[in-house]
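Encoded as structure tokens, the structure appears first; notes follow it.
All values below come from the heavy atoms of this structure, side chains included, with hydrogens, waters and symmetry mates left out. Remember, it's a predicted structure, so these values are computed and weren't measured experimentally.
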Number of protein chains: 2
Amino acid sequence: MRKSKSRSVERLLRYCEFVKKRLEEGKSYVFSHELADLVGVSPAQVRQDLMVFKIVGTPQKGYPVEEFYRVLSDHLKSGIKTKIILVGVGNLGRAILSYFIKRKPNLEIVAAFDSDPQKTERIYSGTRILHISKMNDFILKEDIKVALITVPADSAQIVADQIIKAGIKCILNFAPVALKTPPEVFVEQLDITLSIEKAAYFANKEAQ
Amino acid sequence: MRKSKSRSVERLLRYCEFVKKRLEEGKSYVFSHELADLVGVSPAQVRQDLMVFKIVGTPQKGYPVEEFYRVLSDHLKSGIKTKIILVGVGNLGRAILSYFIKRKPNLEIVAAFDSDPQKTERIYSGTRILHISKMNDFILKEDIKVALITVPADSAQIVADQIIKAGIKCILNFAPVALKTPPEVFVEQLDITLSIEKAAYFANKEAQ
DNA sequence: TAATCATCGTTAGTTTATTAACGATGATAG
DNA sequence: CTATCATCGTTAATAAACTAACGATGATTA
């Protein structure tokens with residue numbers, strides 16, 4: 001899948017949340033440089049992002065918050081709640097389950113899966129944990145499109161192949177391997193340990 | 001800080017780990033396309049990464065694993081264990097503490113900090129949790145250079161300013177705001193919720 | 001020995017992402 | 001009323017990240 005708009009989508013999601021807050025505060029306008037500060041890019045980048053959506057601002061006033069929010073939330077949020085599954089209830093999987101629960105109203109982790117029978121058929125942080133043998137059916141019946149992979153590195157590709165065959169279209173991969181997937185599947189890599197290692201690397205380099 | 005080498009550092013860390021495994025398996029050589037598959041780039045990119053370190057391979061055989069590992073680990077890992085602190089012991093902070101513990105032998109989260117006295121002066125997942133008022137001294141005395149920020153969005157900047165003043169050089173920011181920092185400080189943004197939202201966005205777009 | 005071929009090192013080119021620049025606008029102040 | 005000026009929309013330029021391409025190498029096979 002084209003990652004082309006990937007970064008801009010991140011920004012748009014942030015803009016949207018920020019502008020919603022503005023709206024609730026009763027403010028009518030917002031400037032590009034305020035949004036730029038929020039997400040850490042130049043005002044030019046913000047204006048470019050908004051250009052695509054024909055959100056027009058006026059100099060001296062900025063962008064009208066109400067229209068801004070309406071247009072963006074229309075584009076970004078589908079009316080329905082997006083159902084998500086998590087695969088791999090190890091340390092990281094549990095960490096994410098306990099962190100993410102009810103964090104966003106229109107996103108829900110509806111089930112988690114693991115191959116270890118000791119971990120399954122119970123509830124963790126409000127989420128059902130089922131045996132991996134039930135995963136295919138679940139994805140199909142519940143029409144799940146988004147999955148978080150939190151299995152060890154050497155199982156990640158196997159899991160990915162399996163869930164893609166079952167109908168998953170978007171994967172957040174927390175395992176430290178690159179997944180081979182068909183081009184229409186969106187994959188985002190998110191390796192916390194690697195990020196920490198990288199930070200440590202820069203810290204030690206600076207020191208010299 | 002120049003993010004220039006940031007992505008290549010990620011790859012080098014992965015190469016290093018992979019090559020170490022190869023070494024333990026008793027294999028003598030590794031090909032660029034094997035490393036490319038591992039990290040999800042082209043073999044050309046891998047060869048370019050290695051060029052910088054003068055790691056030379058031979059056609060038909062590939063790169064010599066032993067020299068490869070020696071050169072890279074020399075460059076990437078400092079001999080000493082890197083000490084890390086975590087600021088903000090909410091859901092996310094606890095999640096990371098419980099996940100990360102003893103994951104990498106030369107990285108250690110040596111303490112966590114929070115402003116809530118109810119959470120402090122105890123141990124969570126093997127990590128001491130101290131009151132935030134002790135943070136400055138701790139950073140100075142223990143010579144900490146790396147910090148994970150897991151506080152809510154509206155406190156993140158305040159925390160960042162404070163720890164940078166105390167001597168922190170590298171920040172992993174899990175809060176959903178861009179931090180304003182001096183150019184010599186390395187900041188990595190890591191917003192799990194945002195990534196999930198983004199995946200949900202693509203899932204819903206695909207559906208149409 | 002000679003031909004083949006996978007892979008190497010390196011340079012050039014492409015794509016993606018972001019910033020710079022600049023004329024246009026229209027609110028505000030003199 | 002006019003001048004000023006912050007900000008807008010848009011295009012051009014720059015920077016970063018990655019891939020393509022190609023001659024060179026040297027192991028393998030005929």
Side-chain angles (χ1 to χ4, degrees), chain A residues 1-15 19 22 27-65 67-68 71-72 178 180 183 186-189 194 198 202, chain B residues 1-15 19 22 27-65 67-68 71-72 178 180 183 186-189 194 198 202:
Chain A
M1 162 175 274
R2 76 282 127 143
K3 286 253 188 171
S4 38
K5 297 196 301 175
S6 184
R7 298 299 282 279
S8 95
V9 169
E10 286 182 23
R11 289 193 297 267
L12 291 169
L13 285 162
R14 287 256 186 97
Y15 299 160
V19 166
R22 271 296 174 97
K27 306 244 173 88
S28 305
Y29 291 90
V30 63
F31 289 120
S32 62
H33 61 80
E34 295 174 301
L35 297 164
D37 282 353
L38 176 76
V39 301
V41 294
S42 69
Q45 179 68 75
V46 174
R47 295 199 294 272
Q48 217 168 47
D49 287 340
L50 302 186
M51 230 169 69
V52 181
F53 293 95
K54 317 279 186 206
I55 300 170
V56 288
T58 49
Q60 311 291 344
K61 287 164 78 179
Y63 297 92
V65 162
E67 186 202 344
F68 193 131
V71 172
L72 271 199
K180 279 173 215 164
F186 171 86
V187 180
E188 171 107 341
Q189 194 69 26
L194 186 64
K198 189 166 57 159
F202 282 119
Chain B
M1 166 176 271
R2 77 283 128 153
K3 283 251 185 174
S4 40
K5 297 198 301 176
S6 184
R7 298 299 283 279
S8 97
V9 169
E10 286 182 23
R11 289 193 298 268
L12 292 170
L13 285 162
R14 287 255 185 98
Y15 299 160
V19 166
R22 270 296 174 96
K27 306 243 173 86
S28 305
Y29 290 91
V30 64
F31 290 122
S32 62
H33 61 81
E34 296 174 300
L35 297 165
D37 283 353
L38 175 76
V39 300
V41 294
S42 69
Q45 178 67 73
V46 174
R47 295 199 294 274
Q48 220 169 42
D49 287 340
L50 301 186
M51 231 169 69
V52 180
F53 294 95
K54 316 279 187 207
I55 300 170
V56 288
T58 49
Q60 312 289 345
K61 288 164 78 181
Y63 297 91
V65 162
E67 188 203 344
F68 193 131
V71 172
L72 271 199
K180 279 174 218 163
F186 171 86
V187 179
E188 171 107 338
Q189 194 68 26
L194 185 66
K198 187 166 59 162
F202 281 120

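Distance CD (A/Glu10) to C1' (C/dT18): 14 Å, rounded to an integer number of Å. Separating the CZ atom of B/Arg7 from the P atom of C/dT18 is a distance of 11 Å, rounded to the nearest angstrom. As rounded to whole Å, 11 Å separates atom C1' of D/dC8 from atom CZ of A/Phe31. Between A/Met51 atom CE and D/dT11 atom C1' there is a gap of 9 Å when expressed in whole angstrom units. The nearest whole Å value for the distance from the CD atom in A/Glu34 to the P atom in D/dA6 is 15 Å. Here C/dT16 presents its P atom at 15 Å from CZ of A/Arg11, a figure rounded to the nearest Å. Spacing between atom CD1 of B/Ile55 and atom C1' of C/dT10 amounts to 16 Å, rounded to whole angstrom units. Note: CG (B/Leu35) to P (C/dC8) measures 9 Å, nearest angstrom.
Separating the CZ atom in B/Arg22 from the OG atom in B/Ser28 is a distance of 10.0 Å, to the nearest 0.5 Å. A distance of 10.0 Å separates CD of A/Glu67 from CG of A/Leu72, quoted to the nearest 0.5 Å. Atom-to-atom distance recorded for B/Phe68:CZ and B/Tyr29:OH is 13.5 Å, nearest 0.5 angstrom. Distance check, rounded to the nearest 0.5 Å: CG of A/Leu12 to CZ of A/Arg7 gives 13.0 Å. Expressed to the nearest 0.5 Å, how far OH of B/Tyr63 lies from OH of B/Tyr15 amounts to 9.5 Å. With rounding to the nearest 0.5 Å, the separation of NZ in B/Lys198 from CG in A/Leu13 is 9.0 Å.
Taking all atoms of both residues into account, the shortest heavy-atom contact from A/Ser32 to A/Pro43 is OG-CB, 3.6 Å. Closest non-hydrogen pair, A/Val41 versus A/Val46, comes out as CG2-CG2, 4.1 Å. The nearest pair of heavy atoms linking A/Phe202 to B/Ser6 is CZ-CA, 4.2 Å.
The phosphate of D/dC8 has OP1 or OP2 within less than 4.0 Å of a side-chain N or O from A/Ser32.
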Between the protein and nucleotides 28-30 of chain D, list every N/O to N/O distance that falls short of 3.5 Å.
none

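Where A/Pro59 and A/Gln48 each meet DNA chain D at their nearest nucleotide, the meeting point lying more 5' is that of A/Pro59. Nearest-nucleotide mapping onto DNA chain C: of A/Thr58 and B/Val30, the residue sitting toward the 5' end is B/Val30. In terms of position along DNA chain D, the nucleotide closest to A/His33 lies nearer the 5' end than the nucleotide closest to the other residue of the pair A/His33 and B/Arg47.
Direction change of the helix axis from one end of the helix from C/dT1-D/dA30 to C/dG30-D/dC1 to the other is 0°, with five pairs defining each end axis (rounded to 10°).
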>> Test side chain to side chain contact (heavy atoms under 4.5 Å, CB included) on A/Lys180 and B/Asp37; report intermediate values, then the result.
In response: CA-CA 8 Å; A/Lys180 279 173 215 164; B/Asp37 283 353; 3.7 Å; yes
> Given the rule in the side chain to side chain contact (heavy atoms under 4.5 Å, CB included) test, do B/Glu10 and B/Val39 qualify, once you have shown the distances and angles that lead to the verdict?
Replying inline: CA-CA 9 Å; B/Glu10 286 182 23; B/Val39 300; over 6 Å; no
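Across C/dG9, C/dT18, C/dA6, the shortest atom-to-atom separation from the side chain of B/Tyr63 is found for C/dG9.
For DNA chain C, no neighbouring residue in residues 37-45 of chain B is found when judged by any heavy atom under 4.0 Å.
The closest side-chain heavy-atom distance from B/Arg11 to B/Leu35 is not below 4.5 Å.
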